[in-house]
Asks: 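Below you will find the structure I want to go over with you.
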Amino acid sequence: MNFQVPEYIRTLAPYVPGKPIEETQREFKIRRVIKLASNENPLGPSPKALQALRKMQKDLHRYPDASAYRLKNAIARKEKLDAAQVLIGNGSEEVISLVIRTYAREGDLIACPEAAFLAYPICAQAHGVGTVRSRNDAELRADLDDLLRVTRENERVRLVFLANPNNPTGTHVPDQALRKFLAEVSKVRGGSVLVVLDYAYWEYVTARDLSDPLKLLRDFPNVVVLRTFSKIYGLGGMRAGYGLARAEIWEPVLKIKMPFNLNGGALAAAEAALDDRAFVARALKVNAQGMKFWEKALTKLGIPYWPSQGNFLLCDLQAGLGMTGAEVYQACLRKGVIFRPVTNYGLHQALRISIGTPEENRIGLKALIEVSGMPGTRLRRKA
Ligand SMILES: Cc1ncc(COP(=O)(O)O)c(C=O)c1O
């Protein structure tokens, strides 16, 4: 073949999503499979979103509203922003890709911490943009001094990505440190570096020292905030997310955004979900209970974990069991439980567990205990 594929595409390692339930059923010939792998909402979709979806079906022959007027305005009303400050994306992933494509060119760089959400470096590389990484501290939290250093030292860094809390670690950076960092970055190269703060898990946060993204938006002109309908609203399959920033930041982005980036169902479902307070409250309760369940169980089994602000928990199987995350993942798959190995984040020792329903959590824990070699009793400890 004589087709030319750019080097940065040829060498790109694509994103590996959580293993789908159906694929696991097919591969292992098991009927009951539970998935605790993709930080989805275990309660399913928001009922209000489902109702809106049913209602819009009669309009499926129409193109969706390219301006996403209703959804944009619903978000703006809720967050007390101007609608021009909202950019709707086909999942927040699309917003990540759009800002990189708008604000960086081939050969430029993004900066992000080690073990940051992999969509950032992947979207960057897909556009010929490289990634520089900063260190994490011993607790797997982003070291913001180091992130500032790599941003300053690498002239071609145009954007910084920071998820707060981060996926897959669940760790967060506190308000004061983040504000200090943002103030410093706004002085780098004449304030031309954009900081994308990914708040995909914001609704789950319980720590009081985690910055309110809306306040950061008000105080720092170079900040973009990402939010999503995929987590607390239970709409991962619909693909709807958004970015919040000053209107000037979105103006060039809107030029490259495809007009019908969200289908009509996603627009209607997301708008309705935004208003589904009862569902959000239920999801928060189930998550808090599930988080406690796993924290308690892991502690009892001697498996250390990183305290998480999201709807998932990262645990250290190497320290707890003397096994790698990939080993436990494979063994649990055979028992019909899908966890998430995080080897591609450089965390060979760890496994990420998404919080499920009480029943899913119990089944997941049972599988973990069984694969550790001491069914029904205690997990095998590291020799
Ligand atoms: C930190 C973070 N940002 C963004 C996303 C992507 O969300 P979306 O489904 O809106 O594309 C995820 C999904 O897991 C995530 O963990």
Side-chain angles (χ1 to χ4, degrees), residues 14-20 35-42 45-46 49 68 71 75 86-100 110 112-124 126 131 136 140-142 159-173 195-205 210-211 213 224-244 257 261-263 265-267 269-270 273-274 283 287 306 308-314 338-342 344-345 347 350 352-355:
Y15 186 77
V16 184
K19 198 172 176 72
K35 186 179 177 200
L36 300 174
S38 296
N39 302 344
E40 294 152 337
N41 190 326
S46 137
L71 179 57
I75 293 166
V86 184
L87 183 98
I88 308 291
N90 190 288
S92 47
E93 256 165 28
E94 194 199 15
V95 186
I96 294 168
S97 174
L98 284 171
V99 288
I100 292 173
I110 65 159
C112 66
E114 283 295 334
F117 184 44
L118 275 175
Y120 314 145
I122 292 173
C123 285
T131 298
N136 284 333
L140 286 188
R141 277 185 307 237
L159 302 110
V160 177
F161 282 85
L162 183 72
N164 208 22
N166 182 51
N167 170 24
T169 57
T171 53
H172 72 285
V173 289
V195 182
V196 182
L197 297 173
D198 186 342
Y199 275 80
Y201 300 95
W202 168 239
E203 293 86 352
Y204 292 102
V205 164
L210 215 144
S211 327
V224 170
V225 170
L226 301 181
R227 303 274 293 272
T228 183
F229 288 96
S230 301
K231 308 298 170 187
I232 199 97
Y233 297 109
L235 294 177
M238 290 305 301
R239 312 308 300 127
Y242 55 100
L244 305 173
K257 182 189 85 63
N261 60 333
L262 258 76
N263 66 64
L267 289 173
L274 204 58
N287 192 63
W306 287 268
S308 169
Q309 288 296 313
N311 61 348
F312 57 90
L313 194 62
L314 188 72
I338 316 171
F339 291 119
R340 188 69 165 266
V342 281
N344 47 353
Y345 284 87
L347 299 166
R352 196 190 69 190
I353 300 170
S354 298
I355 307 299

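Reckoned from all heavy atoms, side chains included, excluding hydrogens, waters and symmetry mates. Counting starts at 1 for both ligands and their atoms, in listed order. All of these numbers come straight from a predicted model, not from anything done at the bench.
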Asks: In a simple table, one pair per line, please give the protein and ligand 1 atom names for every N or O pair closer than 3.5 Å, along with the distance.
Replies:
{"from": "ligand 1", "atom 1": "3 (N)", "to": "Asp198", "atom 2": "OD1", "distance (Å)": "3.3"}
{"from": "ligand 1", "atom 1": "3 (N)", "to": "Asp198", "atom 2": "OD2", "distance (Å)": "2.5"}
{"from": "ligand 1", "atom 1": "7 (O)", "to": "Ser92", "atom 2": "OG", "distance (Å)": "3.2"}
{"from": "ligand 1", "atom 1": "9 (O)", "to": "Ser230", "atom 2": "OG", "distance (Å)": "2.6"}
{"from": "ligand 1", "atom 1": "9 (O)", "to": "Arg239", "atom 2": "NH1", "distance (Å)": "2.9"}
{"from": "ligand 1", "atom 1": "9 (O)", "to": "Arg239", "atom 2": "NH2", "distance (Å)": "3.3"}
{"from": "ligand 1", "atom 1": "10 (O)", "to": "Ser92", "atom 2": "N", "distance (Å)": "2.6"}
{"from": "ligand 1", "atom 1": "10 (O)", "to": "Ser92", "atom 2": "OG", "distance (Å)": "2.8"}
{"from": "ligand 1", "atom 1": "10 (O)", "to": "Thr228", "atom 2": "OG1", "distance (Å)": "2.5"}
{"from": "ligand 1", "atom 1": "10 (O)", "to": "Ser230", "atom 2": "OG", "distance (Å)": "3.4"}
{"from": "ligand 1", "atom 1": "11 (O)", "to": "Ser92", "atom 2": "N", "distance (Å)": "3.1"}
{"from": "ligand 1", "atom 1": "11 (O)", "to": "Glu93", "atom 2": "N", "distance (Å)": "3.0"}
{"from": "ligand 1", "atom 1": "11 (O)", "to": "Arg239", "atom 2": "NH2", "distance (Å)": "2.8"}
{"from": "ligand 1", "atom 1": "14 (O)", "to": "Tyr201", "atom 2": "OH", "distance (Å)": "3.3"}
{"from": "ligand 1", "atom 1": "14 (O)", "to": "Lys231", "atom 2": "NZ", "distance (Å)": "2.9"}
{"from": "ligand 1", "atom 1": "16 (O)", "to": "Asn167", "atom 2": "ND2", "distance (Å)": "2.6"}
{"from": "ligand 1", "atom 1": "16 (O)", "to": "Tyr201", "atom 2": "OH", "distance (Å)": "2.7"}

Asks: Report the residues that fulfil side chain to side chain donor-acceptor pair (under 3.5 Å) with Tyr242, sequence neighbours left out, ordered by chain and then residue number.
Replies: none
Asks: Tell me every residue that passes salt bridge (charged side-chain N to carboxylate O under 4.0 Å, His left out) with Glu94, counting only those two or more places apart in sequence or in another chain.
Replies: none
Asks: Within the distance-only criterion (no hydrogens, no angle test), does the side chain of Asn311 pair as donor or acceptor with the backbone N or O of Asn39 below 3.5 angstrom?
Replies: yes
Asks: Within a strict 4.5 Å, meaning less than it, do heavy atoms of the Leu197 and Leu226 side chains meet?
Replies: no
Asks: Under the side chain to side chain donor-acceptor pair (under 3.5 Å) test, which residues partner Thr228, sequence neighbours left out?
Replies: Ser230
Asks: Between Asn166 and Thr171 (side chain of the first, backbone of the second, donor and acceptor by atom type, cut-off under 3.5 Å), is there such a pair?
Replies: no
